[in-house]
Amino acid sequence: MTDYIPSPVEWVRKQVELYESSGGTEGTTLLNTGLPVVIVTNTGNKSGGTRKTPLMRVKDGDNYVLVGSMGGAPKNPVWVYNLRTNPDVQVRDLTEVHDMRVREVTDAAERARLWELAVAAYPPYQDYQQRTTRKIPIFVAEPA
Ligand code: F42
């Protein structure tokens, strides 16, 4: 077990704290939207420390789709590089915590299908993709 390094971003850090300290009964939605969020515990690709990243919940059967949108920012979020280096993660969905392994989705047809699911769950992803020239990375988390 490595040390937990909280997010430097205050509202993100507070969401993680509330979500986890309540055992997944509070702080489980994105502010002002009521849409569900999961917490992805991942390993820093340089620090080796434990990182906890809230993401929108996008489900595909038992799998979770993880979207590296970061509001359409020009650069990928750092957790994308963490997942590429260390694919073993935990996904907390409310009160349940699942050991999962992620893979980045590169197949065009699979990506198109999962992107539709993502936009259905959280429509702003569409605007975020239009805001940036990078192709937003998508991962699928599958039961380990
Ligand atoms: N972000 C998304 O991309 N997609 C979403 O669907 C999403 C939903 C969401 C819902 C609720 C919420 O509270 C936040 C949400 N976010 C969503 C934001 C998300 O949680 C992340 O904060 C955001 O994507 C930015 O991720 P990030 O990994 O770039 O975080 C930055 C701010 C960060 O933590 N930086 C650290 C720092 O100290 O600057 C470094 C973190 C890190 O992993 N470091 C690595 C390490 O080894 O520890 C190495 C760093 C390196 O240089 O490679």
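Only a predicted model underlies this, so the values are computations on that prediction, with no experimental measurement involved. Ligands are counted one by one from 1 in listed order, and the atoms in each one are counted from 1 as well.
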I'd like a table of donor-acceptor pairs (distance under 3.5 Å, sequence neighbours excluded) in which one partner is a side-chain atom from residues 97-104, with atom names and distances.
residue, atom, partner, partner atom, Å
His98, NE2, Glu96, OE1, 3.3
Asp99, OD1, Gln90, NE2, 3.0
Arg101, NE, Asp88, OD1, 2.8
Arg101, NH2, Asp88, OD1, 2.9
Arg103, NE, Glu142, OE1, 3.4
Arg103, NE, Glu142, OE2, 3.2
Arg103, NH1, Glu110, OE1, 3.2
Arg103, NH1, Glu110, OE2, 3.4
Arg103, NH2, Glu110, OE2, 2.8
Arg103, NH2, Glu142, OE2, 3.2
Glu104, OE1, Arg84, NE, 2.8
Glu104, OE2, Arg84, NH2, 2.9

Does ligand 1 come near enough to Leu55 that some N or O of the ligand is less than 3.5 Å from an N or O of the residue?
no
Of all protein heavy atoms, the one nearest atom 18 (C) of ligand 1 is Pro54 O, 4.0 Å
Among Leu94, Thr29, Val91, which residue satisfies the side chain to side chain contact (heavy atoms under 4.5 Å, CB included) criterion with Arg57?
Leu94
Counting heavy atoms under 4.0 Å, the part of Val9 that contacts ligand 1 is side chain
Per atom 33 (C) of ligand 1, closest listed option by heavy atom (Pro8, Pro137, Gly48)
Pro8
For Gly44, atoms of ligand 1 separated by under 4.0 Å from a heavy atom
46 (C), 47 (O), 48 (O)
List ligand 1 atoms under 4.0 Å from Val67, heavy atoms only on the residue side.
2 (C), 3 (O), 4 (N), 5 (C), 6 (O)
Applying side chain to side chain contact (heavy atoms under 4.5 Å, CB included) to Leu30 and Tyr122, what does each step give before you reach the verdict?
CA-CA 10 Å; Leu30 180 66; Tyr122 187 59; 3.4 Å; yes
protein heavy-atom neighbour closest to atom 43 (O) of ligand 1 works out as Asn82 ND2, 2.8 Å
Indicate, as side chain, backbone, both or neither, the part of Asn42 found under 4.0 angstrom from ligand 1 when only non-hydrogen atoms are considered.
neither
What protein heavy atom sits nearest atom 50 (C) of ligand 1, and how far away is it?
Val78 CG1, 3.5 Å
Evaluation steps, side-chain hydrogen bond (donor to acceptor under 3.5 Å, both in side chains), between Asn82 and Thr43:
CA-CA 6 Å; Asn82 296 347; Thr43 305; over 6 Å; no
State plainly whether one hydrophobic cluster holds both Val37 and Leu114, where clusters connect Ile, Leu, Val, Met, Phe, Trp and Tyr through side-chain heavy atoms under 4.5 angstrom apart.
yes
Is there a side-chain contact between Pro6 and Val16 in this structure, where contact means two heavy atoms from C-beta onward sitting under 4.5 Å apart?
no
For atom 10 (C) of ligand 1, which candidate among Asn86, Thr50, Leu30 provides the closest heavy atom?
Leu30
May I have all residue pairs that pass side-chain hydrogen bond (donor to acceptor under 3.5 Å, both in side chains) and include part of residues 63-81, sequence neighbours excluded?
Tyr64-Asp93, Asn76-Tyr81, Asn76-Arg134
Pairwise distance CD1(Ile5) to OG1(Thr50) - rounded to 0.5 angstrom:
7.5 Å
Would you say NZ of Lys14 has more than 12 non-hydrogen atoms from neighbouring residues, nucleotides or ligands within 6.0 angstrom?
no
Is Val67 reachable from Val9 through a run of I, L, V, M, F, W or Y residues, each pair having side-chain heavy atoms under 4.5 Å apart?
yes
Determine whether Tyr19 and Arg92 satisfy the following criterion, side chain to side chain contact (heavy atoms under 4.5 Å, CB included), listing intermediate values before the conclusion.
CA-CA 9 Å; Tyr19 204 132; Arg92 172 181 276 281; 3.5 Å; yes
Heavy-atom protein neighbour under 4.0 angstrom from atom 3 (O) of ligand 1:
yes
Just go through Arg51, Lys52, Met70 and tell me whose heavy atom is the nearest to atom 41 (C) of ligand 1.
Arg51
For atom 28 (O) of ligand 1, which candidate among Tyr122, Trp79, Trp11 holds the nearest heavy atom?
Trp79
For atom 48 (O) of ligand 1, find the nearest protein heavy atom and state the residue, atom name and distance (0.1 Å precision).
Ser47 OG, 2.5 Å
Per-atom contacts, ligand 1 versus Thr53 - under 4.0 Å to a heavy atom
19 (C), 20 (O)
At less than 4.0 angstrom from any non-hydrogen atom of Gly68, what atoms of ligand 1 do you find?
3 (O)
Is the closest heavy atom of Gly49 to ligand 1 under 4.0 Å?
no
Honestly curious: do Val65 and Val105 fall in one hydrophobic cluster under the side-chain, below-4.5 Å linking rule?
yes
Out of Arg13, Lys46, Lys75, indicate the one that has the non-hydrogen atom closest to atom 51 (C) of ligand 1.
Lys46
Using the rule that Ile, Leu, Val, Met, Phe, Trp and Tyr join whenever any side-chain heavy atoms are under 4.5 Å apart, tell me whether Met56 and Ile136 fall into a single cluster.
yes
Below 4.0 angstrom, counting only protein heavy atoms, does anything approach atom 31 (C) of ligand 1?
no
Is there a heavy atom in Tyr125 that sits closer than 4.0 Å to ligand 1?
yes
Taking atom 11 (C) of ligand 1 as the reference point, the nearest protein heavy atom with its distance
Gln15 OE1, 3.3 Å
